[in-house]
**Q** 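Dumping the structure here so I can ask a few things about it.
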Amino acid sequence: MNHPAEKSFEFDHPTNTALALRRSIANRLVYMVGKDVQSATQRDWLFAILHAARDRIMDRWRETRQITHAQDLKRVYYLSMEFLPGRILSNALMAIGILDETRAACAQLGADFDKLTDMEADPGLGNGGLGRLAACFLDSLATLGLPSMGYGIRFDYGMFAQRIVQGQQVEEPDGWLEAGNPWEIMRPEFSYKVCFGGRLDTSNGGLQWIEAEEVIAVAYDSAVPGHELASVATLRLWSARASRAINLDAFNRGDYIRAMEAKNASENVSRVLYPDDSTEHGRELRLRQEYFFVSASLQDLLRRFLRDHGSLEQLPEMVAIHINDTHPALAIPELMRLLIDVHRLGWDKAWSLCTRIFSYTNHTLLQEALETWPVDLFGRVLPRHLRIVFDLNAHFLAELHTRFPHDHDLLRRVSLIDENGSRRIRMAYLCVLASHRVNGVSALHSELMTTTIFADLARVFPDRFCNKTNGITPRRWLAQANPSLAELIDSRIGNGWRRNLVELEALRAWAADPEFNNAFQLVKAQNKQRLADRIARETGIVLDPDSLFDVQVKRVHEYKRQLLNLLHVVTRYHRILANPSANWMPRSVIFAGKAASAYYMAKKIIRLINDVAQVINSDPRVDGKLKVVFVPNYRVSLAEVIIPAADLSEQISTAGTEASGTGNMKFALNGALTIGTWDGANIEIAEQVGPDNMFIFGLRTQEVAATRAAGYRPRQHYEESYDLRLAIDRIADGSFSPTEPQRYHDLVAALLDSDHYLLLADYGDYLATQDRVDALYRRPFEWTRQAILNVAGMGIFSSDRTIREYAEDIWQLRPINR
Ligand code: 26Q
């Protein structure tokens with residue numbers, strides 16, 4: 001007891017009976033929202049429920065922080081530009097264990113729980129896989145009781161909302177905060193100054209950064225409740241606020257509007273997420289965003305450390321900092337700056353701390369996606385950090401020279417500065433240099449990482465590189481998204497799988513049990529109906545729930561090969577027309593996904609999907625044998641409805657291009673069969689579920705390389721296959737774009753002349769494999785038996801497993817002991 005009021009400081013802990021919940025919701029409606037049962041809107045009810053739920057997380061949240069502090073435990077700080085948590089309410093109620101009670105309370109209050117939960121905003125603070133992975137990791141960190149904090153940016157505008165207008169993607173701003181965000185708590189007491197620009201002053205022997213601009217980063221926290229509230233982690237997002245300094249001098253000059261403009265401009269740094277998942281680097285605002293959140297996060301964690309510990313010597317024993325892709329790489333020169341310029345450590349001491357604290361995950365091998373920054377831009381925005389990067393590079397290259405005195409080209413190749421053409425900083429190399437561990441996200445990816453993009457660095461630092469195969473949280477992706485399947489599984493093997501996903505192995509024994517097999521089919525049928533209803537509402541296209549639901553949902557990218565899928569669709573259409581009376585297995589091909597707003601080819605692919613859908617869906621000769629639909633605005637909350645309804649999961653990237661994939665895991669966990677290439681985590685899924693329970697096709701990574709090396713000629717496949725020729729000719733001749741016949745000329749030319757991702761090379765095998773899919777789907781029992789074996793094999797793909805591996809091999813973390 002160290003506060004004078006502690007004796008008299010008493011409060012009521014909320015309880016979880018339906019009655020208590022009902023009273024809490026009513027209280028929150030009256031005293032927080034300021035309404036009553038007569039005047040409450042739907043949104044008012046939602047906010048009242050949200051607050052009642054939030055109240056029930058607070059005690060454990062405080063307790064988690066107190067225990068971490070009292071037991072003096074090491075923490076991991078997960079730095080990520082992106083977090084895609086999905087809606088919080090259902091997840092929180094399940095974590096607390098009061099989903100049914102809350103439903104009952106709502107019913108008594110006359111509120112429609114399902115309708116209300118569907119009104120909650122879906123925070124789109126990420127582009128796709130990388131941001132969603134970060135969210136799954138926080139869920140697992142909380143569930144495993146590992147002391148942790150996620151750090152990111154509180155973007156005012158998240159991933160754009162996608163509308164489809166006349167077949168084309170149209171982007172709209174996602175103002176997810178406009179109605180208020182009841183989950184966040186502003187913590188203005190944690191505000192930090194972040195500076196930009198200016199110059200280095202070397203006049204009096206030292207090195208001083210004379211900054212030109214400053215902005216304030218303000219913390220907003222949200223709770224991340226673990227399963228059964230094992231612990232509650234924190235997501236701390238930074239929002240930019242103009243500094244008083246800007247305000248004061250601009251306003252004092254008397255030009256009020258100018259001053260307001262300056263204020264606005266400086267707050268732009270946390271305005272909007274870059275909706276690009278590969279190539280959008282070289283933009284100054286993006287660099288500022290990266291530095292902004294990293295600087296605030298490091299100041300914050302150093303403050304916390306120094307509050308509890310005297311000496312920076314022990315920093316690596318108490319703090320692990322993880323860098324999610326290179327986007328937070330500026331944490332490295334920023335920590336060096338803080339240790340050297342602010343805390344007055346020597347260079348060698350500071351560097352030795354850094355290399356014991358940082359670890360880094362790579363998420364891509366695609367050359368165009370590797371982040372680099374032009375030296376001059378970098379130096380203009382962050383002159384001190386440029387100097388640190390140069391000094392680091394000099395130390396590194398000097399040491400290398402002594403280790404490999406005869407390999408001069410090695411120094412050029414591994415330099416942090418790419419000197420070919422305009423000089424650019426290689427952010428990935430900086431991360432490898434500073435990290436004691438560098439990991440890829442699937443076995444294949446980690447292997448390719450050390451033989452391609454980091455081949456030289458793997459020779460220099462052989463002990464750093466490792467693999468941590470991605471995972472997904474079974475709480476959101478099975479328990480929450482697919483409650484009927486969850487319940488069916490519980491009825492046979494109990495509910496322990498939520499914490500220990502390998503328990504799903506026990507389902508193997510049930511795969512061929514007629515009753516279970518049948519019940520499993522029934523669940524799938526319900527989920528398909530739920531999706532069909534949703535699609536009919538949103539697009540007007542009516543799907544037959546008895547048809548095979550063939551699903552490809554993910555960002556639209558050439559390497560993911562949505563076009564290969566579409567070539568199959570067009571061929572199937574032509575075959576149906578040629579042979580309408582054959583016994584066709586009805587199919588519904590479902591696409592969803594966003595294209596980067598400046599990615600011309602990806603947008604064209606979306607348009608082609610919609611054009612093809614239009615023609616096929618309105619052709620009476622098809623007569624229900626084939627439907628195609630593009631579902632607009634793919635996001636976490638839509639994924640939760642689509643994935644449980646899939647029969648077939650399309651994971652068809654060119655071998656060697658998809659680092660891992662995590663959608664592949666979500667589908668298999670929900671009882672879809674996969675048609676996929678030997679790529680990313682597909683390979684490990686095949687190992688777990690058995691290759692006979694998956695549809696594997698296409699060239700392997702080595703064969704892709706060999707095909708390219710031999711001078712790949714896509715046109716040869718076109719000339720040799722009647723079906724392929726017909727499909728491509730019809731796309732080219734305007735059959736799917738009659739008002740503008742040349743609409744797809746460039747797309748077709750790209751396929752025939754270069755086809756960088758080898759669609760045409762894989763087309764034949766893909767089509768043959770799709771025929772095998774149809775054949776198996778005609779045998780519902782056997783199909784379902786294999787689907788159940790897929791579910792049973794998904795145990796290792798829990799993000800709990802992934803996080804345990806990070807905690808043991810990389811972060812050296814121990815859980816709290818309650
Ligand atoms: C970089 C610079 C400037 C602007 C944007 C970006 C940017 C933003 C997001 C670059 C990449 C991303 C996202 C990448 C991503 O999601 N990668 C995916 O990560 C998943 C999780 O590991 C893997 O499963 C996927 O295979 C991988 O594509």
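When a ligand or atom number is given, it counts from 1 through the structure's own listing order. What's counted below: heavy atoms across the whole structure, side chains too, no hydrogens, waters or symmetry copies.
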**Q** Identify whether NZ of Lys or CZ of Arg in K594 sits under 6.0 Å from the centre of the six-membered ring of F160 and within 45° of that ring's axis.
**A** yes

**Q** Check D156 with R271, please: is the shortest side-chain N to carboxylate O separation under 4.0 Å?
**A** yes

**Q** Can a salt bridge be assigned to the pair R423 and D418 using a cut-off of 4.0 Å between side-chain N and carboxylate O?
**A** no

**Q** Please check if any side-chain donor atom of R475 sits under 3.5 Å from a side-chain acceptor atom of T143, or the reverse.
**A** yes

**Q** Is ligand 1 under 4.0 Å from a heavy atom in the side chain of N470, in the backbone, in both, or in neither?
**A** side chain

**Q** Is there a polar contact between ligand 1 and S660, counting only N or O atoms under 3.5 Å apart?
**A** yes

**Q** Of the backbone atoms (N, CA, C, O) and the side-chain heavy atoms from C-beta on, which set of V441 has a member under 4.0 Å from an atom of ligand 1: side chain, backbone, both, or neither?
**A** side chain

**Q** If you count the atoms of ligand 1 from 1 in the order shown, which ones are under 4.0 Å from a heavy atom of A659?
**A** 26 (O)

**Q** Checking R236 against Y151: charged group under 6.0 Å from the ring centre and within 45 degrees of the axis?
**A** no

**Q** Using heavy-atom distances only, which candidate in H557, M81, R283, H363 approaches atom 22 (O) of ligand 1 most closely?
**A** H363

**Q** Pairing donors with acceptors under 3.5 angstrom, does anything connect the side chains of H557 and D277?
**A** yes

**Q** Heavy-atom distance to atom 6 (C) of ligand 1: which of M665, R132, E371, R286 wins?
**A** R286

**Q** Among the heavy atoms of E82, does any lie under 4.0 Å from an atom of ligand 1?
**A** yes

**Q** Please determine if R288 forms a cation-pi arrangement with F292, meaning its NZ or CZ atom is less than 6.0 Å from the six-membered ring centre and no more than 45° off the ring axis.
**A** no

**Q** Does any N or O of ligand 1 fall below 3.5 Å from an N or O anywhere on H327, backbone included?
**A** no

**Q** Can you check which of L130, T662, D276 brings a heavy atom nearest to atom 7 (C) of ligand 1?
**A** D276

**Q** Examine ligand 1 and decide if any of its atoms is less than 4.0 Å from a heavy atom belonging to A369.
**A** no

**Q** Counting from 1, what ligand 1 atoms have a heavy atom of Y559 closer than 4.0 Å?
**A** 28 (O)

**Q** Donor-acceptor pair, distance only, cut-off 3.5 Å: does the side chain of Q552 make one with the backbone of K560?
**A** yes

